[in-house]
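Note that the numbering runs from 1 along the sequence shown for the chain.
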Amino acid sequence: MRVKIHHEGTNILLSLLAILLVVIAPLWIWVRPLYWAVACTAVLGVFYLLVVNFFRSPRRIFHGNPDNVVVSSADGQVVALEETYEPEYLKCRCLQVSVFMSVLNVHANWFPVNGEVIYTAHHPGRFMAAYLPKSSTENERSTVAIRTESGQTILMRQVAGAMARRIVTYAKVGDEANIEDHMGFIKFGSRVDLYLPLGTDIYVAIGDKTTGGITELGRGKTKHHKNKF
């Protein structure tokens with residue numbers, strides 16, 4: 001099956017391939033016995049395939065009921081599920097669901113809900129391990145708020161990790177959000193936090209594996225709200 005590479009990784013993969021070829025070529029020419037060159041080539045080849053795996057860009061099609069659904073924005077594992085206060089934009093108590101992405105996961109991020117983007121912001125910060133709770137407020141991060149078709153507001157936060165050094169957010173205020181579309185990309189280890197209205201039905205538990213754009217994290221209420229929640 002053909003592997004599609006995310007455009008965020010094209011230049012990195014080409015540059016890395018050129019560097020590896022420069023490193024490997026002299027080994028085959030000058031290093032003896034030859035098995036050293038074979039071993040080094042195999043190790044570097046596996047490393048390159050891991051980087052290729054990181055930049056996979058699968059097309060995801062959601063086949064469930066789209067009404068008020070909240071899907072996972074990332075491939076990974078649920079590491080936080082709790083009621084908390086969101087101070088940046090929502091400024092109220094809500095349900096936080098966090099998914100941690102390892103370097104083996106796809107790192108494209110999907111919109112969690114259908115609706116309209118109403119707020120975006122990028123915040124510089126530290127690069128602590130992304131699975132730590134305080135990484136949500138102290139690490140490099142990007143915040144996107146989306147008003148759903150039922151009038152509720154969902155907040156999504158991309159959080160950089162210890163290895164991540166770049167967060168890419170495509171969403172802009174006024175954009176249409178669709179759960180089958182990419183919202184952004186985080187390079188090398190990170191997490192995504194979702195802040196949902198209290199009363200949202202939650203379908204996952206801590207430790208569950210998620211698939212971005214596919215796994216249903218929960219479902220919101222159908223009642224329209226004039227306020228943020």
- To the nearest 0.5 angstrom, please state how far the OH atom of Tyr195 sits from the OG1 atom of Thr200. 14.5 Å

- Query: Salt bridge check: are Arg60 and Glu180 linked by an N-O gap of less than 4.0 Å?
  - Reply: no

- Any chance you could measure Leu95, atom CG, to Asp201, atom CG, to the nearest 0.5 Å? 10.0 Å

- Task: Begin with the C-alpha distance, continue with both residues' side-chain angles, and end with the deciding distance and a verdict on side chain to side chain donor-acceptor pair (under 3.5 Å) for Thr41 and Trp28.
- Result: CA-CA 9 Å; Thr41 300; Trp28 286 88; 2.9 Å; yes

- Task: Measure the spacing between CG of Leu27 and CG of Leu34 and express it to the nearest 0.5 Å.
- Result: 10.0 Å

- Among all residues two or more places apart in sequence or in another chain, which pass the side-chain contact (heavy atoms from CB on, under 4.5 Å) test with Glu88? Glu86, Tyr119, Ala121, His123, Thr143, Arg157

- Flag if over 12 foreign heavy atoms under 6.0 Å of CD, Glu116: yes

- Message: Restricting to side-chain contact (heavy atoms from CB on, under 4.5 Å), what partner residues turn up for Leu17, sequence neighbours left out?
- Response: Leu21, Tyr48

- Residues Pro112 and Met156: closest non-hydrogen pair is CD-SD, 3.7 Å

- So do the side chains of Leu194 and Gln96 get within less than 4.5 Å of each other, counting heavy atoms only? no

- Item | Side-chain heavy atoms of Trp110 within contact of Val106, under 4.5 Å | yes

- Val144 versus Met183: any side-chain heavy-atom pair under 4.5 Å? yes

- Query: Between Ser15 (side chain) and Asn11 (backbone), is there a donor-acceptor pair under 3.5 Å?
  - Reply: yes

- Only one of Arg141, Glu140, His107, Gln158 clears side-chain contact (heavy atoms from CB on, under 4.5 Å) with Ser190; which? His107

- Query: Can you check whether Leu155 reaches Cys94 side chain to side chain, under 4.5 Å on heavy atoms?
  - Reply: no

- Item | Distance, nearest 0.5 Å, that separates CG of Leu217 from CD1 of Ile202 | 7.0 Å

- Item | Distance (rounded to the nearest 0.5 Å) between Ser72 OG and Ile179 CD1 | 11.5 Å

- Task: Could you check if a side-chain atom of Asp193 sits within less than 4.5 angstrom of a side-chain atom of Val97, using non-hydrogen atoms only?
- Result: no

- Message: Once rounded to the nearest 0.5 Å, what's the spacing between atom CD1 of Ile186 and atom CG of Asn105?
- Response: 11.5 Å

- Going by the salt bridge (charged side-chain N to carboxylate O under 4.0 Å, His left out) test, which pairs reach into residues 203-217, not counting sequence neighbours? Glu216-Arg219

- Message: Under a 3.5 Å cutoff, is there a donor and acceptor pairing between the side chains of Asn68 and Ser150?
- Response: yes

- Could you tell me whether a side-chain N or O of Thr169 sits under 3.5 Å from a main-chain N or O of Ala171, the two making a donor and an acceptor? no

- Item | 4.5 Å side-chain heavy-atom contact, Val51 and Leu16 | yes

- Message: Pairing donors with acceptors under 3.5 angstrom, does anything connect the side chains of Asn109 and Ser73?
- Response: no

- Query: Should we say atom OH of Tyr85 is surrounded by more than 12 heavy atoms from elsewhere, each under 6.0 Å from it?
  - Reply: yes

- Shortest non-hydrogen separation from Val99 to Ala74 and the atoms involved: CG1-O, 4.0 Å

